[in-house]
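Starting off with a structure, shown below.
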Amino acid sequence: MPELPDVEIFRNYLNATALHKKIKTVRVSDDRILSDVSRRTLQRRLKGRELQKTRRHGKHLFAKISADGWLMLHFGMTGFLQFYKNRESRPPHVALEMVFEDDYRLAYDSQRRLGRVGLAKHPQTFAVEQNLGPDAMNGLGSTAFGDLMSGKSGMIKPALMNQKLIAGIGNIYADEILFQAKVHPKTPAEDLGNAELDRIFRAMQQVFEAAAEARADPDEMPDGFLLPRRREGAYCPRCGGKIEKIKVSGRSGYMCPDCQKRP
DNA sequence: AGTACCACCTGACGGC
DNA sequence: TGCCGTCAGGTGGTAC
């Protein structure tokens with residue numbers, strides 16, 4: 001699930017539920033999700049503090065801890081947040097849980113345990129240390145985007161998904177952006193002209209804005225979206241042709257061979 | 001530098 | 001019904 005729009009939903013969710021509440025207990029039920037921090041350190045840094053505000057960079061969510069530093073959450077393929085009080089609302093694979101003074105809890109659920117939780121000095125320094133590229137939806141302009149992509153010798157889809165180039169785009173939304181921009185996923189990035197790069201940039205903005213409005217729910221996406229039709233043999237919402245499944249750099253994706261012509 | 005492939009994990013699904 | 005292979009929206013390491 002978690003690409004940029006999903007993480008933005010999680011951010012809003014955390015804002016609406018778990019801010020400004022004193023943390024009573026921190027439960028870590030699986031140490032494998034901890035990144036460069038011990039269970040004890042994480043507990044010590046959170047206990048008695050509160051989360052004050054949030055930031056997002058690409059697929060990473062940060063929550064400012066009162067007193068000092070930030071909590072970092074990355075969701076892998078299957079992570080999500082759940083705020084709850086009663087046991088029956090507890091999700092099934094809770095890896096980390098903060099219990100607040102009023103006994104409400106914020107759970108970080110990670111079925112496949114591919115996500116990571118840690119501490120960061122600041123979202124900005126974290127992004128620099130991890131060599132993350134600029135956030136796809138925050139302060140990046142068409143020209144800067146074009147400069148990032150045109151320097152690459154590989155295919156456009158893996159370039160869009162490269163978090164060190166630009167942060168926030170995953171497999172699903174890379175497909176959607178290229179579909180909207182009518183660009184074949186295997187097009188060499190260096191073959192793209194300014195007009196096409198600008199078209200991809202604008203498609204990216206439009207796709208992420210629509211996804212936010214749809215609350216990242218495929219069923220709520222605009223009619224022209226590929227996202228709810230990620231099946232072989234589904235019909236292209238634009239031309240009615242058959243959607244095709246293709247593998248690009250090891251990941252399977254979907255596209256319309258009629259709308260997205262080979263270069 | 002890019003890409004393919006494996007690994008990390010768990011669970012769902014289709015075929016036999 | 002049950003077993004098995006395959007696949008899943010992420011990322012990092014390794015070998016070409």
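Convention: sequence-line order gives letters A, B, ...; per-chain numbering from 1.
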Legend entry - Minimal non-hydrogen separation, A:Val94 against A:Glu97, with atom names: CG1-CB, 3.9 Å
Inset, instruction - Looking only at side-chain atoms of A:Arg112, point me to the closest of B:dA4, C:dA8, C:dG9. - result: C:dA8
Inset, instruction - Rounded off to whole Å, could you give me the CD1-to-P distance for the A:Ile172 and C:dG10 pair? - result: 8 Å
Inset, instruction - Decide, yes or no, whether a salt bridge links A:Lys157 with A:Asp175 under the criterion of side-chain N to carboxylate O below 4.0 Å. - result: yes
Legend entry - A:Tyr254 to A:Leu226 - nearest heavy-atom pair and separation: O-CD2, 3.5 Å
Inset, instruction - Between B:dG11, B:dA4, C:dG9, spot the one nearest the side chain of A:His93, thanks. - result: B:dG11
Inset, instruction - May I have the distance from A:Arg230 (atom CZ) to C:dC7 (atom P), rounded to whole angstrom? - result: 15 Å
Inset, instruction - Please measure how far the P atom in B:dA4 lies from the corresponding atom in C:dC7, and state the result in whole Å. - result: 16 Å
Inset, instruction - Give A:Lys245 one of three labels, base, sugar-phosphate or nothing, depending on what nucleic acid heavy atoms sit under 4.0 Å from its own. - result: sugar-phosphate
Legend entry - Watson-Crick/G-U partner (both atom distances under 3.5 Å) of B:dC16: C:dG2
N/O to N/O distances under 3.5 Å, protein versus nucleotides 11-15 of chain C:
from: C:dT11; atom 1: OP1; to: A:His74; atom 2: NE2; distance (Å): 3.0
from: C:dT11; atom 1: OP2; to: A:Lys59; atom 2: NZ; distance (Å): 2.8

Inset, instruction - Output yes when at least one side-chain N/O atom of A:Arg32 is less than 4.0 Å from OP1 or OP2 of B:dT10, else no. - result: yes
Inset, instruction - Run through A:Ile166, A:Leu192, A:Ile200 and flag the one making a side-chain contact (heavy atoms from CB on, under 4.5 Å) with A:Met149. - result: A:Ile166
Inset, instruction - Using a 4.5 Å cut-off on heavy atoms from C-beta on, say whether the side chain of A:Met221 contacts that of A:Glu176. - result: no
Legend entry - Rounded P spacing from B:dC6 to C:dG5 in Å: 15 Å
Legend entry - A:Leu132 CG to C:dG10 P, straight-line distance once rounded to whole Å: 14 Å
Inset, instruction - Please state whether the rings of A:His74 and A:His60 are parallel, tilted or perpendicular, taking 30° and 60° as the class boundaries. - result: tilted
Inset, instruction - Select base, sugar-phosphate, or nothing to describe what A:Ser252 touches, counting heavy atoms under 4.0 Å on all strands. - result: sugar-phosphate
Inset, instruction - Could you work out the separation of C:dT6 and B:dC5 based on their P atoms and round it to a whole Å? - result: 14 Å
Legend entry - Carboxylate-amine/guanidinium proximity below 4.0 Å for A:Lys24 and A:Asp103: yes
Legend entry - Any side-chain heavy-atom pair of A:Leu51 and A:Met98 under 4.5 Å: yes
Inset, instruction - Mark yes or no for a side-chain to base donor-acceptor pair under 3.5 Å between A:Asn171 and C:dG10, with no hydrogen or angle criteria applied. - result: no
Inset, instruction - Output yes when at least one side-chain N/O atom of A:Lys157 is less than 4.0 Å from OP1 or OP2 of B:dG2, else no. - result: no
Legend entry - Neighbours of DNA chain B within residues 143-154 of chain A, by heavy-atom distance under 4.0 Å: A:Lys152, A:Ser153, A:Gly154
Inset, instruction - Grab the CD1-C1' distance between A:Ile246 and B:dT3 for me, whole Å please. - result: 15 Å
Legend entry - A:Glu8 side chain vs A:Leu4 backbone, donor-acceptor pair below 3.5 Å: no
Legend entry - Identified ring-ring contact (aromatic ring centres under 6.0 Å, His included) counterpart of A:Tyr108 within the set A:Phe75, A:Phe10, A:Phe83: A:Phe75
Legend entry - Distance, rounded to the nearest Å, where A:Glu3 contributes CD and C:dA8 contributes C1': 12 Å
Inset, instruction - Return the value, rounded to whole Å, for the distance between atom CG of A:Leu165 and atom P of B:dA1. - result: 12 Å
Inset, instruction - Whole angstrom is fine here: how far is it from NZ in A:Lys247 over to P in B:dA4? - result: 10 Å
Inset, instruction - Provide, to the nearest angstrom, the distance between the CD atom belonging to A:Glu232 and the P atom belonging to C:dC7. - result: 11 Å
